[in-house]
Each structure stands twice: as structure tokens, then as C-alpha cells.
Amino acid sequence: MKKKTFFITTPIYYVNDVPHIGHAYTTIAADVVARYKRLAGYDVFFLTGTDEHGQKVQQAAGQSGKDPQAHVDDLHVRFKELWVRFNISNNDFIRTTEERHKKVVHEILQKLYDEGEIYKKNYEGWYCMPDERFWTEKDLVDGNCPECGRKVEKINESNYFFKMGQHRDWLVDYINQNENFIQPKSRRNEILGFLKQPLDDLCISRPTERLSWGIPLPFDYSDYVTYVWFDALINYISTFGTLDKIHACDYWPAAHHLIGKDILTTHSVYWATMLKAIGLPLPQNIFAHGWWTVNGQKMSKSLRNVVEPNHLIDQFGVDVIRYFLLREVPFGLDGDFSHKALIGRINSDLANNLGNLLNRTLNMLKKYFKGELPKPDTKGDEDAPLVAKSAEVIKEVDRLYGELAYSKILAKIWEFLDAGNIYVNDTAPWNLAKTDDGKKRLATVLYNASEACRVIAILIAPFMPETADKMMTQLGIDTPIEKQGLDSIKKWGWIKSGTQTHQGAQIFPRIDDKAAAKILESVDIGGNVETKADQKSESDDKGQITIDDFMKVDLRTAKILEAENVKKSKKLIKLKVDLGTEQRQVLAGIAEAYEPEQLVGRTVILVANLKPAKLMGLESQGMILAGSNGDAIILGGFDSDLPPGVRVK
RNA sequence: GGCGGUAUAGCUCAGCUGGUUAGAGCGCACGGCUCAUAUCCGUGGUGUCCGGGGUUCAAGUCCCUGUACCGCCA
């Protein structure tokens with residue numbers, strides 16, 4: 001009999017991005033389900049990869065004087081290597097610059113063109129180069145890109161369009177009829193809201209003169225390349241080869257596309273209509289998960305709070321991070337990453353509950369049976385509830401996987417863990433060991449405790465594969481976990497008496513207060529926010545602040561690159577400043593005291609970690625320090641020149 | 001500006017179609033055990049369930065309204 005198939009994907013990540021905790025989150029989430037389904041006997045296909053075309057790649061390559069292909073060949077490895085470190089079990093890693101992908105994109109474009117689903121028309125609009133997006137006149141804010149605030153160019157050109165608009169009605173019906181197509185529900189509602197307006201056709205080409213780093217259109221080869229999204233989305237099927245092969249393969253439609261909430265529209269509207277036009281079924285589920293903040297703040301380079309996955313692995317270990325990300329926050333909601341919360345999880349969930357149950361069990365086996373797993377003997381009242389709890393948890397966990405409710409799955413597994421600890425507590429093996437009758441009962445108790453540990457190891461294996469293996473080793477089980485399979489825990493008593501167990505190192509040592517304090521000290525500004533906030537300063541009531549309070553404010557030198565008055569505003573000047581590592585747009589209320597021309601070239605002090613705010617429709621990413629005396633406003637500065645990006649204290 | 005969401009213990013949240021003394025985890029306090037990583041087990045408190053009005057025999061749960069925050073669209 002043919003196995004049931006299961007296809008799950010992550011987005012293909014933009015190759016220019018530096019991999020961060022968000023990328024890791026999606027990928028680990030997909031990996032956990034993939035591993036679970038394999039354990040459950042499915043034929044799983046798990047796909048991830050990199051998106052390698054587009055303007056930004058072309059530019060970045062140009063800046064480093066490299067050929068774009070060489071550039072992406074170098075960069076994509078950062079993702080590939082990180083996934084190896086995270087024990088990601090993907091079956092394929094697709095790159096949009098690979099021939100096999102381009103071939104399918106061509107096949108699809110040609111098919112749609114031949115069928116009249118793609119047409120050419122003249123188009124006039126405002127184009128934001130960096131964002132690679134067109135805007136209409138009314139979209140613009142102060143004549144600039146509404147998304148990034150940068151200049152747009154008026155462009156009049158011919159382009160190819162995919163007839164997306166005609167698909168609106170059935171798509172709305174489809175979403176209404178398939179409750180689980182888009183999850184979570186709140187996101188589904190947003191898409192339905194979005195689809196209440198007319199749906200435009202989708203511009204799927206870019207003239208080669210403006211952008212050459214893309215897949216040429218098969219029917220207009222020299223003049224146009226394919227719009228990056230149209231190219232990228234096809235990765236989900238190009239992994240299987242030609243259209244014929246895709247139709248014939250058992251994996252499509254995908255069970256889940258896991259994505260970040262920022263790319264929901266492209267998946268649920270662009271991709272869905274593309275598939276319809278191609279004649280392929282839609283994925284069963286598109287799940288948009290939330291974002292991670294760090295200590296309550298958005299991750300950003302300037303805050304120096306970008307959580308670097310490699311560093312976290314070095315510091316805490318792969319499984320700890322895998323566990324934390326999926327346990328801490330319900331999938332679909334935004335979450336907050338902090339070292340404090342992480343340490344809390346390590347100590348309470350992993351060290352105290354999980355590690356300790358295994359350790360106390362093995363230790364007693366060693367002490368009372370020389371490490372050899374005894375044959376169960378006398379039964380007792382405590383046994384049945386433990387076995388029943390195991391069955392309940394296994395069943396519930398399976399149901400929750402269907403909802404991708406990772407944090408609930410882990411909470412459920414931990415219920416069984418608690419049951420294990422309670423079982424040991426109630427049976428009190430250390431007392432049983434004192435009498436001959438007790439020893440008979442003791443055999444049963446330790447047998448059951450060991451089987452409980454094995455059940456737990458299997459259940460956590462998708463989340464913490466290395467830990468599960470370590471547990472098996474300590475339990476003296478050679479059979480690989482995949483071979484034991486999910487079925488092996490559906491009936492109690494798989495583990496064999498006579499097995500020689502090996503108590504080894506603690507799988508999760510506690511991080512004691514001293515070590516925790518050290519870790520929290522070592523994290524940057526972001527980290528300090530949390531630790532110091534907890535220590536109420538004694539001088540609060542005098543209106544004074546501590547040095548730590550002050551250090552929360554990230555003051556930086558910034559060099560003004562451009563300055564111009566904001567239309568319709570008497571006070572505001574729009575500045576473009578250089579922070580050394582990046583450029584920011586900042587609005588300053590100094591127009592009454594300074595002319596824009598006076599400002600360019602000056603070095604000023606910027607509050608770099610101020611939450612961005614919109615003023616007169618423009619985003620201000622920071623605040624310039626200045627003093628005022630009546631009408632006079634004087635900018636703060638320095639005696640002599642400092643380079644941009646220097647911390648001011 | 002339009003649409004939608006959220007506001008519940010110190011913290012993070014659960015409370016389905018309205019129905020006995022409002023729950024979980026973490027933290028905190030106390031007690032028990034001692035196999036174990038000062039771990040585990042048990043007990044416990046506090047909640048104007050955002051404010052105001054209404055429907056109902058009965059509302060955290062439904063309706064209206066106000067406030068705050070968030071999301072999507074414009």
C-alpha cells in the first residue's frame with residue numbers, strides 16, 4: 001500500500017537577508033511537523049530554499065563588484081549552513097537561480113501566455129526602485145513612496161500583466177468555504193477584507209533596461225524579466241520538475257505553506273490565482289505566523305538587538321532554542337524573545353521537569369538494579385493513571401498537530417511529564433527499596449518510569465531531536481527513534497526488561513542565578529532593559545534615574561546627508577542621516593531656526609532607539625537632540641568632528 | 001478615514017454555543033519527601049474579569065457606548 005504523503009514548505013528566504021531568529025522560527029516550525037509526520041508513517045516532503053532574483057541582489061552584487069550569480073552563490077550558503085546547525089530535515093533546498101526552477105517558470109509563463117492569461121499593456125505609474133513596486137498617484141505620501149518614504153519615479157512603459165482580477169469572486173467563495181485555507185482566522189478575515197475591493201491584474205514583468213537580474217520572459221526574451229514574486233512562488237512546485245510531473249506527483253497540493261504574516265497576500269491571492277490559472281489545486285493550508293520582538297522591541301540593526309541564531313546555538317544549544325521558540329508563544333501570534341524568558345524555560349521546563357525525571361529514574365535504576373531494567377512485577381494503584389495519561393496525551397498531541405498549535409502540543413507533553421514526576425513521588429521507590437515485598441513493586445515502578453521517559457523522548461523528538469537521542473542512549477535503547485515510530489508508544493510497554501541503562505551527563509543543566517545574571521549582563525542594550533526594569537531604583541521617588549536607565553537611550557552621532565523642508569509644515573525638516581551602519585529618515589522640528597542647506601554635512605546627536613513615528617505622513621526613525629530658549633532652537637553637537645554611528649554617553 | 005481584533009491574578013495567557021465559590025503555567029509564601037540538577041510533590045492568597053449603560057431569573061461570556069493598544073486596507 002502506498003504511504004500517505006505530506007508536503008510542507010517554508011518561504012524561500014531572500015538571499016540578501018542575514019538569517020535571523022524569524023527565519024529560524026518558520027523553518028524549525030516546518031521541521032517539527034515534518035519530523036512528526038515521518039514518525040507517524042507519512043511520506044513527507046519538506047521544502048525550503050532561497051529567493052535569489054531582483055533589484056536588491058543586482059545592486060548588492062554591483063556594489064561588491066561581483067557577478068550576481070557569484071554573489072548569490074556565496075550568500076545562499078548562510079541559510080543552508082544554519083539549517084544544518086539547526087538539524088533541519090528538509091528534503092530539498094531550492095534556489096530560484098537554478099535551471100530546474102527557471103525551466104518550470106518558463107513553462108508556466110508560456111502556457112499562460114498561450115492561453116491568453118497574460119497580456120501586454122502600456123502602463124503609467126510611480127515606481128519605487130528599492131521596493132520594486134508601482135504606486136498610483138493617490139498612494140503617494142508627499143510625493144514619495146508610502147512604504148519607505150523614498151523618492152519614486154514616474155514611469156511610462158509597457159509591461160505584461162497576469163489576469164488576476166478575474167479570479168476574485170471564486171477566490172472569495174473558496175476562502176469562505178474552506179475555513180482552514182488561511183490561518184489564523186484573523187489573517188483570513190484580513191484577506192477577505194482585502195478582497196472586498198476590486199482586484200487588479202498583476203504586473204509580472206520588469207523591463208530589462210531597469211532590472212536585468214531575473215528570469216527572462218520566454219515570449220519576450222530580450223526585453224523583459226519576470227517579476228520576482230511571480231518567479232519565487234513557483235518554487236513550491238518547481239521542485240517537482242515539469243508541469244506533467246507536478247500533476248503526477250503525490251505531494252501536491254501542499255498540506256501547509258508556513259509563512260510570515262508579511263507575505264500573506266502574495267500567497268493567498270497571487271499564488272492562489274496563479275495556481276488556478278495553471279490548473280493546479282490550491283494548497284490545503286497557508287499559515288501566517290507572527291513576528292518576534294526582542295525585549296519588547298522590534299528587531300533592528302541600529303538597536304543592536306538582532307538575535308543572531310548562530311550565537312544563540314553556541315550559547316544555549318540547538319534543542320533549547322528549538323524548544324523555546326515553539327513553546328513560548330502560540331503560533332500565529334507575535335512573540336517576544338528575551339534571555340530572561342529563555343533561561344526561565346530552560347530551568348523550569350527542561351532542567352527541573354524533563355531532565356530531572358530522566359535523571360532520578362536512571363539513578364534509581366543504577367542504585368537498586370545496577371542499571372538493568374527490571375521485569376515488572378507487583379502492580380499498584382498508581383500505574384493505571386500513568387498509562388491512561390500517556391494515551392490521552394498522545395491522542396491530543398496528534399490532534400493539535402493538525403492545528404499547528406505547537407505551544408499547546410508542548411504544554412500537553414509536559415502534562416505527561418508532570419504525571420511521570422507525580423508517579424515517582426507517589427510510589428516513593430526509595431521506600432520500596434527497603435523491603436523485599438517493596439522490591440517487587442519497585443521493579444514495576446522503575447519499569448514504568450523508564451517507559452514514561454521513552455514515551456516522552458518520542459513525543460519530544462520532533463522538537464528536540466538531539467535530546468531525544470540522548471535520552472534513548474541513556475535508556476539503553478539502540479533502535480533508532482524513526483524505527484520505533486509513533487506506534488510504539490500507542491501501547492504501553494515497548495521498552496524491554498533486561499536493557500542496560502547508562503546514566504550519563506544531565507541533559508539540561510540548570511543555569512544558576514549567578515550564571516543567569518552574567519548572561520543577562522552580557523546581552524546588549526535590549527537585554528538591559530529587562531533586567532534593570534526589574535530592579536526598582538531607590539532614587540525613583542526623587543525623579544532621578546540610574547545610569548542603567550540612562551543607558552537605555554541609544555544616543556548616536558549621525559551625519560546629515562540631505563535636508564529638505566516638509567511641505568505644508570512650518571516646523572518640520574526632513575533629514576536623511578548616516579549612522580555609519582545605515583541611513584535613516586528623521587523629521588526634526590527645527591525649520592524655524594535652520595535652513596535645510598545649513599544642515600547638510602553637520603554631525604548631530606540622534607536618539608537611535610526611539611520608536612519610529614509618523615509625522616505629517618512621513619516616518620521619522622529617530623530624534624535629533626536640540627535645546628531651545630524661547631524661539632531659538634540650537635542643535636546639539638561636538639567641539640570637533642566624530643564619525644557617524646559613535647555611541648554618545 | 002474604512003474594516004477587524006484585543007483589554008481577565010505580579011507576569012504570560014485559557015475561559016466553546018451566557019448557569020454552582022473565575023482557571024493554567026511562571027513567580028511568591030508555607031508544608032511534605034529525599035531517588036534526583038537546592039530538584040520533585042502538596043497547599044495558599046490576592047483578581048471592581050478596562051470604564052459606563054442595557055438585555056436576562058442569571059453575563060467575564062450577548063447588545064450599545066467610551067477609553068487604550070494592535071492589525072489590515074486607504
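Throughout, a chain's letter reflects where its sequence line sits, starting with A, and its residues are numbered from 1. Small disclaimer: the values here were computed from a predicted structure and weren't measured.
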Out of B/G42, B/C40, B/C35, whichever nucleotide has its closest atom nearest the side chain of A/Val424:
B/C35

What are the residues of residues 425-458 of chain A, sorted by number, that bring a heavy atom to within less than 4.0 Å of RNA chain B?
A/Asn425, A/Trp430

Would you mind classifying the nucleic acid contact of A/Asn353 as base, sugar-phosphate or nothing, using non-hydrogen atoms under 4.0 angstrom?
sugar-phosphate

Residues at least two apart in sequence or cross-chain that pass salt bridge (Lys or Arg N to Asp or Glu O under 4.0 Å) with A/Asp383, listed by chain then number, are A/Arg441

Could you run down the sub-3.5 Å N/O contacts of the protein with nucleotides 5-12 of chain B?
none

Picking from B/C73, B/C26, B/A36, which would you name as closest to the side chain of A/Ser348?
B/C26

Show me, pair by pair, the donor-acceptor contacts under 3.5 angstrom made by side chains of residues 454-472 of chain A, not counting sequence neighbours?
unit_1   : atom_1 : unit_2   : atom_2 : d
A/Arg454 : NE     : A/Glu451 : OE1    : 3.0
A/Arg454 : NH1    : A/Gln484 : OE1    : 2.9
A/Arg454 : NH1    : A/Ser488 : OG     : 2.9
A/Arg454 : NH2    : A/Glu451 : OE2    : 3.2
A/Arg454 : NH2    : A/Ser488 : O      : 2.7
A/Glu466 : OE2    : A/Asn87  : ND2    : 2.8
A/Thr467 : OG1    : A/Asp319 : OD2    : 2.7

Heavy atoms only, 4.0 Å cut-off, all strands: where does A/Asn356 land among base, sugar-phosphate and nothing?
base

Who pairs with A/Tyr401 by ring-ring contact (aromatic ring centres under 6.0 Å, His included), at least two apart in sequence or on another chain?
A/Tyr36

Does B/U39 have OP1 or OP2 sitting under 4.0 Å from an N or O in the side chain of A/Arg510?
yes

A/Ala351 side-chain proximity, nearest of B/C41, B/U37, B/G71
B/U37

In whole Å, measure the gap between the C1' atoms of B/G44 and B/A24 for me.
16 Å

Applying ring pair (Phe, Tyr, Trp, His ring centres under 6.0 Å) as the test, list every pair that has at least one member in residues 421-462 of chain A; sequence neighbours left out.
none

Mapping A/Ile191 and A/Gln506 to their closest nucleotides on RNA chain B, which lands nearer the 5' end?
A/Gln506

Separation of B/U39 C1' from A/Ile507 CD1 (nearest whole Å)
14 Å

Nearest-Å distance for atom pair CD1/P, residues A/Ile182 and B/G71
20 Å

Quantified in whole Å, what is the P atom distance between nucleotide B/A74 and nucleotide B/U17?
32 Å

Using the P atom as the reference point in each nucleotide, state the distance between B/G25 and B/C64 in Å, no decimals.
36 Å

Can you tell me how far C1' in B/U43 sits from the matching atom in B/A36, rounded to whole Å?
23 Å

Test of understanding: with side chain to side chain donor-acceptor pair (under 3.5 Å), list the residues that count as partners of A/Asp314, not counting sequence neighbours.
A/Arg85

I'd like to know if A/Asp377 pairs up with A/Lys439 as an ion pair, taking the criterion as any Lys NZ or Arg NE/NH1/NH2 lying under 4.0 Å from an Asp or Glu carboxylate oxygen.
no

Short question: side chain of A/Ser497, backbone of A/Leu373 - any donor-acceptor pair under 3.5 Å?
no

Could you check whether A/Gly355 gets within reach of a base, just the sugar-phosphate, or nothing at all, counting any heavy atom under 4.0 Å?
base

Interatomic distance where CZ belongs to A/Phe194 and P belongs to B/G71 [whole Å]
18 Å

Strictly by salt bridge (charged side-chain N to carboxylate O under 4.0 Å, His left out), give each pair with a member in residues 356-368 of chain A just once, sequence neighbours left out.
none

A/Trp229 ring center near A/Tyr270 ring center (under 6.0 Å)
no

When the P atoms of B/C33 and B/G51 are considered, how many whole Å apart are they?
45 Å

Determine which pairs satisfy salt bridge (charged side-chain N to carboxylate O under 4.0 Å, His left out) with at least one residue from residues 179-195 of chain A, sequence neighbours left out, and list them in order.
A/Arg187-A/Glu190

Please compare A/Gln197 and A/Lys367 by the position of their nearest nucleotide in RNA chain B and report the one closer to 5'.
A/Lys367

Expected output: side-chain A/Asn359 to main-chain A/Gly355 donor-acceptor under 3.5 Å:
no

For nucleotides B/C73 and B/C13, find the distance between their C1' atoms and express it as a whole number of Å.
29 Å

Inter-nucleotide C1' distance (B/C50, B/U39), Å rounded
40 Å

Rounding to the closest angstrom, what is the interatomic distance between B/C62 and B/C16 at atom P?
8 Å

What is the nucleic acid contact for A/Arg187, judged by heavy atoms within less than 4.0 Å: base, sugar-phosphate only, or nothing?
sugar-phosphate

List for me each residue that meets side chain to side chain contact (heavy atoms under 4.5 Å, CB included) alongside A/Ser407, sequence neighbours excluded, and say none if there are none.
A/Arg327, A/Pro330

My understanding is that only residues two or more places apart in sequence, or in another chain, count here; which of them pass side chain to side chain contact (heavy atoms under 4.5 Å, CB included) with A/Lys389?
A/Glu392, A/Val393, A/Glu415, A/Phe416, A/Ala419

Expressed as a whole number of angstroms, how long is the span from A/Asn359:CG to B/U34:C1'?
14 Å

Paired stretches of RNA chain B - 3 or more consecutive Watson-Crick or G-U pairs, each distance under 3.5 Å:
B:1-7 with B:67-73, B:10-13 with B:23-26, B:28-32 with B:40-44, B:50-54 with B:62-66

Options B/A36, B/G71, B/G42, nucleotide nearest the side-chain atoms of A/Asn363
B/A36

